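Remember, predicted model here, so these are calculated numbers, not experimental data.
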Amino acid sequence: MMKKRQIKVLVVDDSAFIRVLLTQILENDSEIKVVGTAEDPFDAREKIKKYNPDVLTLDVEMPKMDGITFLKNIMRLRPMPVIMVSTLTHAGAEVTMQALTSGAFDFVAKPSSEVKEKLQELADDLIEKVKAAAHCNAGVLEKSPEKPQTNLEVKQDRHLIDLIAIGASTGGTEAIHSIVTRLPDNLPPIVMAQHIPDVFSTSYAKRLHNESKMVVQEVRSPQKLSYGHAYLAPGHMHMTIKVKGRGNNRTLWADLSDADPVNRHKPSVDVLFDSVAEAVGSRCIATLLTGMGQDGAQGLLNLKQCGATTIAQNEETSVVWGMPGAAVKLGAADKILALGKIGGYLISRL
């Protein structure tokens, strides 16, 4: 039996402690081999040529050349999956959002002073993402920036649909961005669950708001849903949709839950989708985008069984076809669409 080839990883960080820590974590897994470490981008450039790694871990804040500039150079000259190692601060969140825009595969939180308490969580997250990165759809990451797509329009202001629901994980920040920023501001409310840490979700919601026609906001307390608005679950809570009132006084609200993670995630797409199914049933369009694992697949099936319109992103345009692929296997998707077709299809179903 032929031995399975190990995933080759190059660790790039200016901290010797972090280089040693990440190396020890990764090499505890028999499927991964750290072929080298580098203390700055210039050192890393030479070692990329020497070792030809499958995956790179890259510190956001680097000496001699910042991590974003180096990432852009990598994606232009030698595209590969890059996992950013980011600090859980507002400044770190802003830079990490730039990294995802520039082609980074994903990110992990940099160990803090509580490194011992958080070590297992970091180890599990890093190993999972390195393995996913090694087998991701690298072509999606490698593509040069496309020309902006034409903004979508819809004439009628009232629809047969009460709600649009979107769920995503790895690769999802850019996927959601590409859909939401093309949509007009006269659509039913959009509710979104993206797997992302708390401090990052705040920065991400602001970015979507600044680049969209509609109002985009992160939900931090119970909130009435309005036309022309999009609502993002915070990175540390489940978001659920509830109905208040009856008849002409019936309104939809976003609520928050601090319940345990579902499918290892909080917010969970399944939690959001299940609440949408209960609140509006068939009067919903839901789409499940790129991401690792299977969160949202069962929820999408539940929505389909309620009569809702359901969409899964196709494999060719997904960075990782985990969540949408799981939905397709369950028979949960009415349509399997390329990312660039989803916005237009949403509007066609209103």
Side-chain angles (χ1 to χ4, degrees), residues 158-169 172 175-176 179-180 187-195 219 225 230-233 237-247 250-257 259-315 317-318 320-339 341-350:
R158 292 293 161 183
H159 314 283
L160 298 175
I161 296 299
D162 290 335
L163 204 59
I164 297 169
I166 301 175
S169 186
I176 289 175
I179 294 171
V180 170
L187 297 187
I190 299 174
V191 291
M192 305 175 290
Q194 161 73 45
H195 298 161
V219 176
L225 304 186
Y231 303 88
L232 179 71
M237 300 277 276
H238 295 302
M239 183 166 73
T240 59
I241 305 306
K242 296 183 177 179
V243 178
K244 293 188 179 181
R246 294 180 180 180
R250 179 180 178 275
T251 56
L252 294 175
W253 286 69
D255 203 356
L256 299 175
S257 166
D260 291 339
V262 173
N263 300 319
R264 296 175 45 222
H265 294 289
K266 189 162 72 171
S268 161
V269 181
D270 269 335
V271 169
L272 175 63
F273 281 4
D274 286 346
S275 72
V276 170
E278 185 174 344
V280 300
S282 63
R283 295 179 63 88
C284 168
I285 303 172
T287 182
L288 191 57
L289 304 175
T290 174
M292 296 186 294
Q294 58 186 23
D295 186 34
Q298 185 62 50
L300 197 71
L301 179 61
N302 293 344
L303 280 163
K304 182 179 179 180
Q305 291 171 342
C306 287
T309 299
T310 57
I311 306 163
Q313 184 178 351
N314 71 357
E315 185 171 6
T317 62
S318 295
V320 180
W321 206 53
M323 288 160 48
V328 170
K329 288 178 182 176
L330 287 177
D334 293 320
K335 287 285 185 178
I336 305 167
L337 297 175
L339 179 61
K341 302 290 186 183
I342 292 175
Y345 187 73
L346 288 175
I347 284 181
S348 75
R349 299 296 297 178
L350 295 175

Measuring only between side-chain heavy atoms, which start at C-beta, is [X] closer than 4.5 Å to [Y]?
{"X": "Val271", "Y": "Ser257", "answer": "no"}
{"X": "Tyr345", "Y": "Thr287", "answer": "no"}
{"X": "Thr240", "Y": "Asp274", "answer": "no"}
{"X": "Leu288", "Y": "Ile311", "answer": "no"}
{"X": "Pro189", "Y": "Leu163", "answer": "yes"}
{"X": "Lys341", "Y": "Asn314", "answer": "no"}
{"X": "Pro267", "Y": "Leu272", "answer": "no"}
{"X": "Val280", "Y": "Ile241", "answer": "no"}

What distance separates [X] [atom1] from [Y] [atom2], expressed to the nearest 0.5 Å?
{"X": "Leu225", "Y": "Lys244", "atom1": "CG", "atom2": "NZ", "result": "10.5 Å"}
{"X": "Ile285", "Y": "Ile161", "atom1": "CD1", "atom2": "CD1", "result": "4.5 Å"}
{"X": "Gln194", "Y": "Ile176", "atom1": "CD", "atom2": "CD1", "result": "4.5 Å"}
{"X": "Glu278", "Y": "Cys306", "atom1": "CD", "atom2": "SG", "result": "9.5 Å"}
{"X": "Thr309", "Y": "Lys335", "atom1": "OG1", "atom2": "NZ", "result": "10.5 Å"}

Check against side chain to side chain contact (heavy atoms under 4.5 Å, CB included), Ile179 and Leu346: CA-CA 10 Å; Ile179 294 171; Leu346 288 175; 4.1 Å; yes

Could you give all pairs that pass the ring-ring contact (aromatic ring centres under 6.0 Å, His included) test and reach residues 264-305, with sequence neighbours left out?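 Non-adjacent pairs meeting ring-ring contact (aromatic ring centres under 6.0 Å, His included): His195-His265.
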
For [X], side chain to side chain donor-acceptor pair (under 3.5 Å) partners two or more places apart:
{"X": "Gln298", "result": "Asn302"}
{"X": "Thr251", "result": "Trp253"}
{"X": "Lys304", "result": "none"}

Has Gln305 got more than 12 heavy atoms of other residues, nucleotides or ligands less than 6.0 Å from its CD? yes

Take atom CZ in Arg250; do more than 12 heavy atoms of anything else shown fall under 6.0 Å from it? yes

Report the residues that fulfil salt bridge (charged side-chain N to carboxylate O under 4.0 Å, His left out) with Arg349, sequence neighbours left out, ordered by chain and then residue number. none

Sorted by chain and residue number, the salt bridge (charged side-chain N to carboxylate O under 4.0 Å, His left out) partners of Lys242 (sequence neighbours excluded) come out as Asp255

Identify the heavy atoms of [X] and [Y] that sit nearest to each other, and give their distance.
{"X": "Lys266", "Y": "Pro261", "answer": "CB-CA, 4.2 Å"}
{"X": "Asn263", "Y": "Ser268", "answer": "ND2-OG, 4.4 Å"}
{"X": "Leu252", "Y": "Ala279", "answer": "CD2-CB, 4.4 Å"}
{"X": "Cys284", "Y": "Val276", "answer": "SG-CG1, 3.4 Å"}

Run the numbers on Leu337 and Thr317 for side chain to side chain contact (heavy atoms under 4.5 Å, CB included), then give the verdict. CA-CA 9 Å; Leu337 297 175; Thr317 62; over 6 Å; no

Quick check against the 3.5 Å criterion: does [X] have a side-chain atom that pairs as donor or acceptor with the backbone of [Y]?
{"X": "Thr290", "Y": "Ser318", "answer": "no"}
{"X": "Asp270", "Y": "Gly296", "answer": "yes"}
{"X": "His238", "Y": "Asp260", "answer": "yes"}
{"X": "Gln294", "Y": "Met323", "answer": "no"}

Asp295 and Ser169: CA distance, side-chain angles, deciding distance, side chain to side chain contact (heavy atoms under 4.5 Å, CB included) verdict: CA-CA 9 Å; Asp295 186 34; Ser169 186; over 6 Å; no

